[in-house]
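Here the structure comes first, spelled out in structure tokens, and everything after it is commentary.
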Number of protein chains: 2
Amino acid sequence: MSPASVRRTEGGGGHDPIAGYDPRGFPPLAVTVDLTVFTVHAGLLKVLLVRRGEPPFQGDWALPGGFVREREGVEQAARRELAEETGLVDVPWHLEQLATYGDPGRDPRMRVVSVAHVALIPDLPVPRAGGDAAAARFWPVEDLNLGRRRSAHTPRLAFDHATIVADAVERVRSKLEYTTLAAAFCTEPFSLADLRRVYLAAWGYAPELANFRRKVLSTDGFVVPDQVSEVPGGRGRPPLLYRRGPATTLYPPILRETDAPE
Amino acid sequence: MSPASVRRTEGGGGHDPIAGYDPRGFPPLAVTVDLTVFTVHAGLLKVLLVRRGEPPFQGDWALPGGFVREREGVEQAARRELAEETGLVDVPWHLEQLATYGDPGRDPRMRVVSVAHVALIPDLPVPRAGGDAAAARFWPVEDLNLGRRRSAHTPRLAFDHATIVADAVERVRSKLEYTTLAAAFCTEPFSLADLRRVYLAAWGYAPELANFRRKVLSTDGFVVPDQVSEVPGGRGRPPLLYRRGPATTLYPPILRETDAPE
DNA sequence: ACAAAAGTGTTTAACCTACACCCATGC
DNA sequence: GCATGGGTGTAGGTTAAACACTTTTGT
């Protein structure tokens, strides 16, 4: 292909620094945000999926998401969708961009470029998930058989959402290694054992206990001690409680074992 | 705002799992790829910029990039643009997605969502940069005064490209820490001193020599020894030469000093 | 001989691993 | 008492940081 030729043709250009362009004549194209909302519940890492009511992929499970509106930024759209889908407002969730998926044909209806995000929320009672509780649920990641063959009870994922979820899961697992993001899964206040159980859920095994505590407590700003307004509920020794600290990175990281479990 | 309402209105939906949609009636919107092409030349980390010939931002410097075509994936578009802009074909460059920038108003002409990429190329004589050699050049990153106030001779960057370049520079600097990507900047074969000079250029200082060598040589697959077809050119001891190995990650990383220079 | 560039050795301190042990509570 | 869940101490091995030193070439 003749390089730099197409960009120079009339009607081309655009963001291109050389030519101007004509807003008409663009093929219909949509930009959406997709959300991979993770939580840890009952000892399992789970992701929010919505059951599709119409074709294509009717009956399959998909990531929540929606269009980026005309006068709205991409990040803004993701925050709005997250609030809409979970019903949670003013909740301390973590949100970050994952990657953009734009292969032609990923949506059979039209060209859709989707900016996928990762959100982490604590294990709260979610008031409403997607407006239609029956059609939305948190699926344990291990039940999705990502990367393995689908079996009888594995939900089918719409579009390229299996790829997106797989990328998102890997992002979450690796971010637990070198950031303090595990605390984003905990409802405050939390014990160090709670925090450690996040790693157990996400990785399939937990870091060695004594070393884990030392690591967390010696990392300035990972957690901060909470008032020990202790309700002695359990039947073991009552734990010390903490809240999320201002730190974000963790160095040296808490490394996973190389042969990643699950 | 009534949650989950807009997505359900007729004509809405789309990627939305609930409603179908009508391809007409989408506001004109373009998806582009922007490229931050880095190289190390004369001991400096440099990024490829193109001088704009027309408004908006006429005369300012911008990242090379262009439209994603109708039947083309985002990654594919980035590869095509990279080949077009640099004139390099079948060159072992590294290309990865950086992030997507989609704030409304980032391009005054229309809504443009841009998927930014980072490319790393060795210090090769670039046959043609953007087709118009006069309008394209590699700028030393330190001359862009990113994050600092512009001074007299600082080039002005178009659109939000200062943000994108800053993010890209940070990505490159941090990836040198925990990946073997430094080798992507070297022309093969290269010496360990060459490789170390990449760190010097990118970080403003170089890792301690002895530890650096041990690190690189003890990391399986970072570099592989090359035939010592040695042309004794220099005036010191001739170096052993290497080529890029198959490894991609580096653990433990070669950490930067926290008070990042420049 | 000397400078320049490349490459090596050695000591020290940090810190992660592993594993054994102690504390507080409910039954 | 004892089971259960929390929390602590300590010995040992690995390895990265720092710095001094040796080798090979050109002039």
Side-chain angles (χ1 to χ4, degrees), chain A residues 42-43 176-178 182 186 189-201 203 205-220 222-243 249-259, chain B residues 43 176-178 180 182 186 189-201 203 205-220 222-243 249-259:
Chain A
L176 292 188
E177 295 186 302
Y178 61 92
C186 297
F190 52 87
S191 69
L192 293 190
D194 292 333
L195 189 62
R196 184 162 168 260
R197 276 187 281 268
V198 170
Y199 286 85
L200 177 60
W203 291 352
Y205 74 100
E208 204 279 330
L209 186 140
N211 304 325
F212 177 77
R213 314 189 98 252
R214 263 188 294 271
K215 181 73 183 180
V216 172
L217 294 176
S218 69
T219 300
D220 219 61
F222 193 159
V223 296
V224 293
D226 190 51
Q227 316 310 329
V228 199
S229 55
E230 185 57 56
V231 181
R235 59 183 163 290
R237 171 173 173 175
L240 296 175
L241 297 179
Y242 300 87
R243 295 183 169 273
T249 61
L250 199 54
Y251 189 82
I254 305 176
L255 263 211
R256 281 176 287 181
E257 284 159 17
T258 43
D259 51 351
Chain B
L176 293 188
E177 295 186 302
Y178 61 92
T180 61
C186 297
F190 53 87
S191 69
L192 293 190
D194 292 333
L195 188 63
R196 184 163 166 258
R197 276 187 282 269
V198 170
Y199 286 85
L200 177 60
W203 291 353
Y205 75 99
E208 204 279 329
L209 186 140
N211 302 326
F212 178 76
R213 315 188 99 253
R214 263 188 295 272
K215 182 71 181 180
V216 172
L217 294 176
S218 69
T219 300
D220 220 62
F222 193 159
V223 297
V224 294
D226 189 52
Q227 315 312 329
V228 199
S229 55
E230 185 57 55
V231 182
R235 61 181 161 290
R237 172 172 171 173
L240 296 175
L241 297 179
Y242 300 87
R243 297 182 168 274
T249 60
L250 199 53
Y251 189 83
I254 304 177
L255 264 212
R256 281 176 287 179
E257 284 159 18
T258 44
D259 50 352

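First the proteins, then the strands, lettered A, B, ... as listed; each starts at 1.
Ranked by how close their nearest DNA chain D nucleotide is to the 5' end, A:R237 and B:K215 are led by A:R237. Both B:A210 and B:Y251 lie close to DNA chain D; mapped to their nearest nucleotides by heavy-atom distance, the more 5′-ward contact belongs to B:Y251. Each of B:D194 and B:E208 has a nearest nucleotide on DNA chain C; the 5'-most of these lies closest to B:D194.
Taking atom CG on A:N211 and atom P on C:dC16, their separation rounds to 8 Å, with Å as the unit. In this entry the distance linking CG of B:L241 with P of D:dT25 reads 13 Å, nearest Å. Going from atom CZ of B:F212 over to atom P of C:dA6 covers 12 Å, rounded to whole Å. Atom C1' of nucleotide C:dT25 and atom CG of A:L240 are separated by 14 Å, given to the nearest angstrom. What separates CD1 of A:I254 from C1' of C:dC15 is a distance of 14 Å, to the nearest Å. With rounding to whole Å, A:F190 atom CZ is found 12 Å from D:dG7 atom P. In this structure, A:L209 places its CG atom 13 Å from C1' of C:dA18, rounding to the nearest Å.
Within the 4.0 Å cut-off from OP1 or OP2 of C:dG7, at least one side-chain nitrogen or oxygen of B:R213 is found. Between A:R197 and D:dG6 there is a side-chain N or O to OP1 or OP2 distance below 4.0 Å.
Scanning atom types as modelled, no donor and acceptor separated by under 3.5 angstrom connect the side chain of B:R214 and the base of D:dT14.
Looking at heavy-atom distances under 4.0 Å, A:L192 makes no contact with the nucleic acid at all. Within the 4.0 angstrom heavy-atom criterion, only backbone atoms of the sugar-phosphate kind lie near A:A193; the bases stay farther away.
The CG atom of B:L195 sits 9.0 Å away from the CG atom of B:L176 when rounded to the nearest 0.5 Å. Atom-to-atom distance recorded for B:D226:CG and B:Y242:OH is 10.5 Å, nearest 0.5 angstrom.
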Check: Given the rule in the side-chain contact (heavy atoms from CB on, under 4.5 Å) test, do B:V216 and B:T180 qualify, once you have shown the distances and angles that lead to the verdict?
Finding: CA-CA 9 Å; B:V216 172; B:T180 61; over 6 Å; no
Next item on the list: Dump the intermediate steps for side-chain contact (heavy atoms from CB on, under 4.5 Å) on B:C186 and B:V198, then the final yes or no.
Entry: CA-CA 8 Å; B:C186 297; B:V198 170; 3.8 Å; yes
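Aromatic pair B:Y199/B:F212: ring centres closer than 6.0 Å.
Taking the side chain of B:S191 as heavy atoms from C-beta on, and the options C:dA6, D:dT24, C:dC16, the nearest nucleotide is C:dA6.
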